[in-house]
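There's a structure below that I have some questions on.
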Amino acid sequence: MSGEGRITTSTETRIGWLDSLRGVAILLVVVLHAGEAVRVAVGPTPAVDGVNLFLEPFRMPVLMFLSGMLLPKSVAKPGREYFAGKASMVAWPYLLWSVIILAASGDLTPASVIQILYLSPTYLWYLWFILVFYVIAYPLQRVPPLAVAAVGLAISFILPDASRPETMAFLAAFFFFGAWCAANPQRTARVLTRPWVVVLGAGAAAAVGVLNLGGQEVLYRAEYVWGVAGGLAVLCWAFPRLAENRVTAALEFVGRYSIVFYVAHLGPIMIGLALADAVGLTEAWYLLPVLLLVGVGIPLGLAWVYSTRKHASVNLLFELPALKRRPRDRVRRSRFRRSRA
């Protein structure tokens with residue numbers, strides 16, 4: 001992605017650097033969970049724990065921002081197609097994998113299944129959040145996204161600290177801010193061409209990361225939004241300027257199929273942890289690479305099979321194709337009837 005940096009436009013389908021950045025963010029989620037598994041098994045690992053703590057304030061806001069950047073193109077679709085797509089590509093994998101995770105953890109009870117609808121009792125809360133945001137976004141499509149983002153941030157400021165509603169409101173601000181940036185690419189790019197914006201952004205992001213590393217409560221807190229926004233500015237300036245190579249191509253693939261990595265990474269990590277314990281592999285610097293290997297490798301294999309679209313059973317794990325096609329099929333049938341008439 002060498003050359004001038006830019007955000008995107010609402011009419012473009014896929015932008016490579018967006019997928020690359022999403023790929024990095026998803027891989028950092030895998031690193032987080034692998035590090036937590038190592039800490040549970042063998043105790044603290046200062047280097048890994050330090051990296052995860054420093055990056056903690058940025059991971060999910062970046063993913064929310066990138067999801068929001070897809071909103072202008074999505075919301076331009078007819079309502080039936082819009083909601084069918086979100087049901088197929090977001091609601092379906094969220095519901096299916098929530099049940100799979102609850103069953104695997106031995107917690108598949110009527111109460112926990114009901115909680116899937118309103119609380120998200122597993123680590124898939126990110127999918128639940130963006131599903132809520134997409135539902136809210138459609139009736140608000142005539143409201144400036146920046147105004148919705150500001151309201152979300154203001155609400156998060158007054159809600160109880162570390163609560164689920166506070167987290168949702170804070171991340172909603174980044175989701176709708178991403179939508180605004182996608183709808184206003186020239187204005188956003190103009191801001192990012194100013195060196196002082198990137199320098200101040202880097203300093204603000206470093207400050208918030210260090211505060212979190214030092215034990216200050218900064219995660220999803222509105223009073224520290226300046227640091228997260230600074231980190232976003234740096235990323236949106238840097239990633240469009242990355243040269244195209246095998247690394248960026250691999251990251252783009254991960255980002256394009258991020259749903260696979262997100263829902264399917266923790267199971268292999270926990271299985272790998274159990275097997276490592278069974279064979280006596282208890283050194284952190286041996287255990288962590290093993291967990292990363294399975295936590296990335298198995299979803300990578302699933303993503304590759306999914307990308308071929310040749311195996312219906314694998315496709316069904318990550319989307320509901322019949323539901324996604326339904327609006328288009330109805331349009332085709334309607335046109336066919338009119339042509340016959």
Side-chain angles (χ1 to χ4, degrees), residues 22 25-34 36-37 40 59-61 63-64 66-68 70 74 82-137 162-172 175 220 254-274 291 294-296 298-303 305-306 311-324:
R22 184 180 291 105
I26 283 291
L27 291 177
L28 289 176
V29 172
V30 179
V31 172
L32 169 67
H33 288 155
E36 289 179 343
V40 169
R59 277 186 300 260
M60 302 314 290
L63 285 171
M64 282 297 176
L66 295 173
S67 294
L70 302 176
S74 294
Y82 175 85
F83 285 108
K86 302 316 168 192
S88 171
M89 305 297 290
V90 183
W92 169 252
Y94 167 68
L95 293 171
L96 176 64
W97 282 88
S98 293
V99 171
I100 291 172
I101 292 165
L102 289 173
S105 61
D107 193 29
L108 188 61
T109 64
S112 63
V113 171
I114 293 174
Q115 284 183 341
I116 294 173
L117 302 178
Y118 70 92
L119 185 62
S120 187
T122 71
Y123 65 90
L124 301 184
W125 57 267
Y126 164 75
L127 291 180
W128 181 55
F129 276 21
I130 62 172
L131 184 62
V132 172
F133 299 159
Y134 275 123
V135 170
I136 292 172
S163 65
R164 181 61 65 89
E166 181 203 32
T167 301
M168 176 176 281
F170 181 85
L171 293 176
F175 179 86
Y220 310 139
V254 174
R256 192 170 297 116
Y257 296 98
S258 57
I259 182 67
V260 180
F261 290 84
Y262 180 64
V263 302
H265 74 276
L266 191 56
I269 287 176
M270 301 312 296
I271 294 172
L273 183 63
L291 298 185
V294 297
V296 174
I298 291 178
L300 181 62
L302 281 173
V305 175
Y306 178 41
H311 302 275
S313 57
V314 175
N315 296 348
L316 196 60
L317 291 174
F318 308 110
E319 66 176 81
L320 199 56
L323 181 59
K324 186 180 178 183

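Numbers for residues simply follow the sequence, beginning at 1. Note that the structure is a prediction, hence the values are computed from the model and not measured.
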> To the nearest 0.5 Å, what is the distance between CG (Leu32) and CZ (Arg59)?
Replying inline: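 One gets 4.0 Å once the value is rounded to the nearest 0.5 Å.
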> What distance separates Ile101 CD1 from Asp107 CG, expressed to the nearest 0.5 Å?
Replying inline: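 Reported to 0.5 Å precision, the distance equals 11.5 Å.
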>> Suppose we screen for side chain to side chain contact (heavy atoms under 4.5 Å, CB included). Which residues come up paired with Leu316, at least two apart in sequence or across chains?
In response: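 Partners of Leu316 under the side chain to side chain contact (heavy atoms under 4.5 Å, CB included) test: Trp92, Leu320, Pro321.
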> For Phe261, which residues count as a ring pair (Phe, Tyr, Trp, His ring centres under 6.0 Å) partner, sequence neighbours excluded?
Replying inline: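 Residues passing ring pair (Phe, Tyr, Trp, His ring centres under 6.0 Å) with Phe261: none at all.
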> Which pairs count as side chain to side chain donor-acceptor pair (under 3.5 Å) when at least one residue sits in residues 95-105, sequence neighbours excluded?
Replying inline: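 Of all non-adjacent pairs touching residues 95-105, none passes side chain to side chain donor-acceptor pair (under 3.5 Å).
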> Taking only residues two or more places apart in sequence or in another chain, which ones pass side chain to side chain donor-acceptor pair (under 3.5 Å) with Thr109?
Replying inline: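 Testing Thr109 for side chain to side chain donor-acceptor pair (under 3.5 Å), a comparison that skips the adjacent residues, returns Ser112.
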> Residues two or more places apart in sequence or in another chain: which of them pass ring pair (Phe, Tyr, Trp, His ring centres under 6.0 Å) with Trp125?
Replying inline: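 Expected list: Phe129.
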>> I need the full list of side chain to side chain donor-acceptor pair (under 3.5 Å) pairs touching residues 261-271, with sequence neighbours left out, sorted by first then second residue.
In response: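 Sorted pair list: His33-His265.
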> Atom CG of Leu66 and atom CD1 of Ile130: how far apart are they, to the nearest 0.5 Å?
Replying inline: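 The distance works out to 11.0 Å.
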>> Just so I know, are the side chains of Val263 and Leu127 near enough to count as touching, which here means a heavy-atom distance under 4.5 Å?
In response: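 Yes, their side chains come closer than 4.5 Å.
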> What closest approach, in Å, do Glu166 and Ala162 show between heavy atoms, and which atom pair accounts for it?
Replying inline: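 Taking Glu166 first and Ala162 second, the nearest heavy atoms are OE1-N, 2.7 Å.
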> Who passes side chain to side chain donor-acceptor pair (under 3.5 Å) against Tyr126, sequence neighbours left out?
Replying inline: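 With neighbours one apart ignored, the set is Ser67.
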> Do you know which two heavy atoms are closest between Tyr306 and Asn315, and how far apart they sit?
Replying inline: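 Looking at all heavy atoms of both residues, the closest pair is CD1-OD1, 3.4 Å.
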>> Do Phe318 and Met89 have side chains that approach each other closer than 4.5 Å (heavy atoms only, starting at C-beta)?
In response: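 Phe318 vs Met89: side chains apart.
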> Of the non-hydrogen atoms in Gly295 and Ile269, which two are nearest, and what is the gap between them?
Replying inline: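 Reported closest heavy-atom pair: CA-CG1, 3.8 Å.
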> Shortest non-hydrogen contact from Trp128 to Ser120?
Replying inline: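 Closest approach of Trp128 to Ser120, heavy atoms only: CE3-CB, 3.7 Å.
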> With no hydrogens and no angle check, is any side-chain donor or acceptor of Ser258 less than 3.5 Å from a backbone partner on Val254?
Replying inline: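 Pair absent, no side-chain N/O of Ser258 close to backbone of Val254.
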> Looking only at heavy atoms, which two atoms of Met64 and Phe133 are closest? And how far apart?
Replying inline: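 The answer is SD-CE1, 3.7 Å.
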>> Just verifying a value: how many Å separate Leu302 CG and Tyr257 OH, rounded to the nearest 0.5 Å?
In response: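 Answer for the CG-OH pair, Leu302 versus Tyr257, is 13.0 Å.
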> Which pair of non-hydrogen atoms, one from Leu317 and one from Pro93, has the smallest distance, and what is that distance?
Replying inline: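 Closest approach of Leu317 to Pro93, heavy atoms only: O-CB, 4.2 Å.
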> Is there a side-chain contact between Ile271 and Val294 (heavy atoms, below 4.5 Å)?
Replying inline: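 A side-chain contact under 4.5 Å is absent here.
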>> Quick check for you: to the nearest 0.5 Å, what is the distance between Phe175 atom CZ and Leu70 atom CG?
In response: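 Reported to 0.5 Å precision, the distance equals 8.0 Å.
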> Can you check whether Arg256's main-chain N or O pairs, donor with acceptor, with Arg22's side chain at less than 3.5 Å?
Replying inline: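 No, because the side chain of Arg22 does not come within donor-acceptor range (under 3.5 Å) of the backbone of Arg256.
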> Quick one: side chain to side chain contact (heavy atoms under 4.5 Å, CB included) partners of Leu273, sequence neighbours excluded?
Replying inline: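 With sequence neighbours excluded, Leu273 shows a side chain to side chain contact (heavy atoms under 4.5 Å, CB included) to Ala37, Ala41, Met270, Leu287, Leu291, given in chain and number order.
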> Nearest 0.5 Å, what's the CG-NZ distance between Leu131 and Lys86?
Replying inline: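 These two atoms lie 10.0 Å from each other.
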> side chain to side chain contact (heavy atoms under 4.5 Å, CB included) with Ala137: which residues, sequence neighbours excluded?
Replying inline: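 Ala137 satisfies side chain to side chain contact (heavy atoms under 4.5 Å, CB included) with Leu71, Tyr82, Phe176 once adjacent residues are dropped.
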